[in-house]
Amino acid sequence: MLPTVDASTTVAREPARSLHRFANPGRFLRLSGRLLPPLAVAALVLTAAGLGWGLFVAPADWQQGDAVRIMYVHVPAAWLASAGYLALAVCSVFSLVWRHPLADLAAAEISPVGAGFAALCLVTGSLWGKPMWGAWWVWDARLTSVLVLFFLYLGHVALVRAFDDPQRGYRAGAILALVGAVDLPIIKFSVDWWNTLHQPATITLTGAPTMYIGMLWPLFVSAAGFTLGFAAIVVARLRAAVMERRIRALLMARAQASG
C-alpha cells in the first residue's frame with residue numbers, strides 16, 4: 001500500500017523551503033556582497049540629487065515659504081520609520097512561524113536603523129512645527145503615535161539583548177514587534193480619525209497629489225534615495241552580524257576541539 005500524503009502539509013512546507021533556501025549564510029554573504037556596493041552608490045546619488053533639487057532648486061511654498069524644504073528630509077524619514085517597522089514585523093512572522101535562521105538577525109539589525117529614522121522624523125517634524133504652529137512639540141495624534149513608534153523600536157533593541165539566551169531575546173522581540181504593529185494604522189489614519197494639527201496626506205493611492213509637481217518630483221527622488229540608504233545600512237549591518245556569528249561558531253568549535 002502506498003503511503004498517503006497530506007496535500008495541505010506539502011503545500012505548507014513549500015514556502016518554508018523557498019524561504020530557507022536563502023538562509024544559508026554563505027549564499028547570503030555572496031548575494032549581499034554583490035548587491036551592497038551598487039545599492040549604496042544609488043542611495044548616495046539619489047539622496048544627494050533629491051536633497052539638492054529640493055533644497056536649492058524647487059520653489060518655496062506660497063504659505064510656508066522656505067520652511068517647507070524640511071519636508072525633503074522629514075517625509076522620507078517618516079515613511080521609512082513606518083516601513084521599517086513593517087519590515088520588522090514581517091521578519092518577526094518569519095521567525096515565529098517558519099523559524100527562518102536570518103529573520104531574527106534581520107529584525108535585530110532593522111530596529112536600530114528604524115529607531116534612527118524615527119528620531120530623524122521627530123526632530124525634523126519639530127523643526128518644521130516651530131515656525132508653522134509656534135511650538136516645538138504638541139501632543140498631536142500623529143506626533144504622539146510616531147513617538148510611540150520610536151519607543152517601540154527602542155524597546156525591541158533593548159529586549160532582544162536583554163537575555164543571556166539569544167533565542168529567548170529574539171522570541172520576546174518578535175512578540176513585541178507584532179503587538180506594536182497596531183501603531184502603524186494609527187499613524188497612517190490619525191489625521192483622518194481625529195482633529196489634528198498635522199496636515200492630511202498630500203499623496204494618496206486613490207487621488208491625485210495636491211502638491212505642485214515641481215516640489216513633488218524632488219520629494220520622490222529624495223524618498224527613493226533614503227529608501228535605498230535604509231536598505232543598504234540594514235544589509236551592511238546584517239552582513240556584519242552573520243560574519244560575527246560565523247566567527248563565534250568557529251572559535252567555539254576550535255575551543256572545543258582543543259579542550
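In what follows, every heavy atom counts, from backbone to side chain, and hydrogens, waters and symmetry copies are set aside. Everything quoted here is computed from the prediction, not taken from an experiment. Numbers here are sequence positions counted from 1.
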Locate the shortest heavy-atom distance separating L105 from R245; write the atom from each residue and the value.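 Closest pair (atom of L105, atom of R245, distance): CD2-NH2, 3.8 Å.
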
Does some side-chain heavy atom of [Y] sit less than 4.5 Å from a side-chain heavy atom of [X]?
X    : Y    : value
L127 : H74  : no
L149 : L184 : yes
V221 : L51  : no

Pairwise distance SG(C121) to CG(L143) - rounded to 0.5 angstrom: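 The SG atom of C121 sits 8.0 Å away from the CG atom of L143.
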
Once rounded to the nearest 0.5 Å, what's the spacing between atom CD1 of I110 and atom CG of L86?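 Going from CD1 on I110 over to CG on L86, the span is 9.5 Å.
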
How far apart are the C-alpha atoms of L147 and W137, what are their side-chain angles, what is the distance that settles it, and do they pass the side-chain contact (heavy atoms from CB on, under 4.5 Å) test? CA-CA 11 Å; L147 180 63; W137 178 266; 4.0 Å; yes

Mind checking whether F230 and F117 have parallel, tilted or perpendicular rings, split at 30° and 60°?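 Ring orientation of F230 relative to F117: tilted.
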
Is R69 salt-bridged to D61, going by a charged N under 4.0 Å from an acidic O?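 Salt bridge absent between R69 and D61.
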
Enclosure of W128 CH2 (heavy-atom neighbours >12, cutoff 6.0 Å):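 Atom CH2 in W128 is crowded, with more than 12 foreign heavy atoms closer than 6.0 Å.
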
For the CZ atom on R161, are there more than 12 heavy atoms of other groups (residues, nucleotides or ligands in this structure) within a distance under 6.0 Å?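 Yes, the 6.0 Å shell around CZ holds more than 12 heavy atoms from other groups.
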
Judged by modelled atom types alone, do S222 and W53 share a side-chain donor-acceptor pair under 3.5 Å?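 There is no such pair between these side chains.
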
Do S95 and D104 have a side chain donor and acceptor closer than 3.5 Å?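 Side chains of S95 and D104: pair found under 3.5 Å.
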
Please confirm whether the backbone N or O of A119 pairs with a side-chain atom of Y153, one donor and one acceptor, at under 3.5 Å?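 The answer is no, because no donor-acceptor pair under 3.5 Å joins these two groups.
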
